[in-house]
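Working notes for the structure below.
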Amino acid sequence: MSALINNKAVNSVGNNIRTLRHQRGWSQEDVATRLGISIPAFSKIETGITDVNLSRLEQIATIFEISVVQLIGLGLTESEKQYSSMNAAQKKLTERESEIADLQRKVIELYEELRNKKPMAV
């Protein structure tokens with residue numbers, strides 16, 4: 001039972017780190033660089049694969065300018081977590097809309113290019 005509780009706590013911390021990272025619009029690479037670790041090492045922290053020691057928690061909390069208590073979830077309310085998820089979804093939606101606009105622009109350019117070409121005599 002203790003291992004199960006510990007595993008849930010590690011996953012919760014990882015989720016909190018991911019939420020905070022998304023709130024700031026940072027990539028895993030951004031945070032890994034700030035921590036001085038590899039991207040895969042940071043990914044393991046964020047996904048809960050790796051247990052995080054107190055000194056690493058303090059380092060992560062410092063980067064996000066919060067306390068360790070807030071980082072482990074006691075300071076984040078459910079509404080703050082939902083707000084963060086909505087912000088991340090909104091950012092992804094905005095990125096997709098931009099990609100769609102770029103693709104539409106390319107399709108129009110190709111259409112114009114085809115329309116302006118004269119048929120070749122065979």
Side-chain angles (χ1 to χ4, degrees):
M1 184 71 170
S2 177
L4 179 63
I5 292 171
N6 187 36
N7 192 28
K8 285 184 178 182
V10 169
N11 287 336
S12 177
V13 170
N15 288 336
N16 291 345
I17 293 168
R18 183 181 304 110
T19 298
L20 291 164
R21 180 174 62 79
H22 285 172
Q23 282 178 339
R24 286 161 177 76
W26 293 348
S27 68
Q28 285 187 337
E29 180 180 11
D30 294 332
V31 179
T33 300
R34 286 177 168 92
L35 292 172
I37 61 175
S38 69
I39 297 168
F42 175 73
S43 179
K44 288 178 182 179
I45 292 171
E46 198 174 72
T47 57
I49 294 172
T50 300
D51 290 343
V52 186
N53 63 32
L54 183 57
S55 65
R56 182 67 75 194
L57 284 175
E58 289 172 340
Q59 187 181 16
I60 293 169
T62 299
I63 288 170
F64 290 113
E65 299 176 340
I66 60 172
S67 70
V68 173
V69 171
Q70 288 172 311
L71 182 61
I72 60 175
L74 300 176
L76 292 177
T77 66
E78 193 59 36
S79 63
E80 287 173 325
K81 290 178 183 179
Q82 289 174 351
Y83 178 76
S84 173
S85 294
M86 288 180 5
N87 277 347
Q90 180 64 40
K91 183 177 178 183
K92 285 182 182 179
L93 181 60
T94 302
E95 290 170 356
R96 296 301 178 255
E97 288 172 345
S98 177
E99 290 173 9
I100 289 170
D102 288 342
L103 289 171
Q104 287 174 331
R105 202 172 6 264
K106 288 178 183 178
V107 168
I108 292 169
E109 289 171 1
L110 288 171
Y111 176 77
E112 291 294 323
E113 189 178 315
L114 285 172
R115 198 176 92 191
N116 291 332
K117 281 190 176 182
K118 296 183 181 180
M120 294 175 52
V122 186

| Side chain Glu65, main chain Thr62, donor-acceptor under 3.5 Å | no

| field | Pairs meeting criterion ring pair (Phe, Tyr, Trp, His ring centres under 6.0 Å) with involvement of residues 96-117, two or more places apart | value | none

| message | Ignoring hydrogens and geometry beyond distance, is a side-chain donor-acceptor pair present between Asn15 and Arg18 at under 3.5 Å? | response | yes

| note | In this structure, CG of Asn16 is separated from CZ of Arg21 (nearest 0.5 Å) by 13.0 Å

| remark: Of Val13, Ile17, Leu20, Ile66, the one forming a side-chain contact (heavy atoms from CB on, under 4.5 Å) with Ile60 is Ile17

| request: With rounding to the nearest 0.5 Å, note down the distance linking CG in Asn53 to CD in Glu58. | output: 9.0 Å

| Side chains of Ser27 and Asp30: do they bring a donor and an acceptor to under 3.5 Å? | yes

| query | What is the distance from atom CD of Glu29 to atom CZ of Arg34, rounded to the nearest 0.5 Å? | reply | 11.0 Å

| field | Euclidean distance, Leu71 CG relative to Gln59 CD, rounded to 0.5 Å | value | 11.5 Å

| field | Approximate separation, where rounding is to 0.5 Å, of Glu99 CD and Gln104 CD | value | 12.0 Å

| field | Residue Glu112 excluded, over 12 heavy atoms near CD under 6.0 Å | value | yes

| task | Could you tell me whether the side chain of Ser98 and the main chain of Thr94 form a donor-acceptor pair under 3.5 Å? | result | no

| task | Please examine the side chains of Val31 and Glu46, heavy atoms only from C-beta on, and report whether any two atoms are closer than 4.5 Å. | result | no

| How far apart are the closest heavy atoms of Ala32 and Ser38, and which atoms are they? | CB-O, 3.7 Å

| said: Suppose the criterion is ring pair (Phe, Tyr, Trp, His ring centres under 6.0 Å): which pairs have a residue in residues 35-69, not counting sequence neighbours? | reply: Trp26-Phe64

| said: Salt bridge check, Lys106 against Glu109: does any charged N sit closer than 4.0 Å to a carboxylate O? | reply: no

| task | Can you measure from CD1 (Ile72) to CG (Leu57) and round to the nearest 0.5 angstrom? | result | 7.5 Å

| request: Give a yes or no on whether the backbone of Ile39 and the side-chain of Ser43 come within a donor-acceptor separation of less than 3.5 Å. | output: no

| query | Are Val107 and Leu103 co-members of a hydrophobic cluster defined by side-chain heavy atoms under 4.5 Å apart? | reply | no

| remark: Hits for salt bridge (Lys or Arg N to Asp or Glu O under 4.0 Å) against Glu95, two or more places apart or cross-chain, chain-then-number order -> none

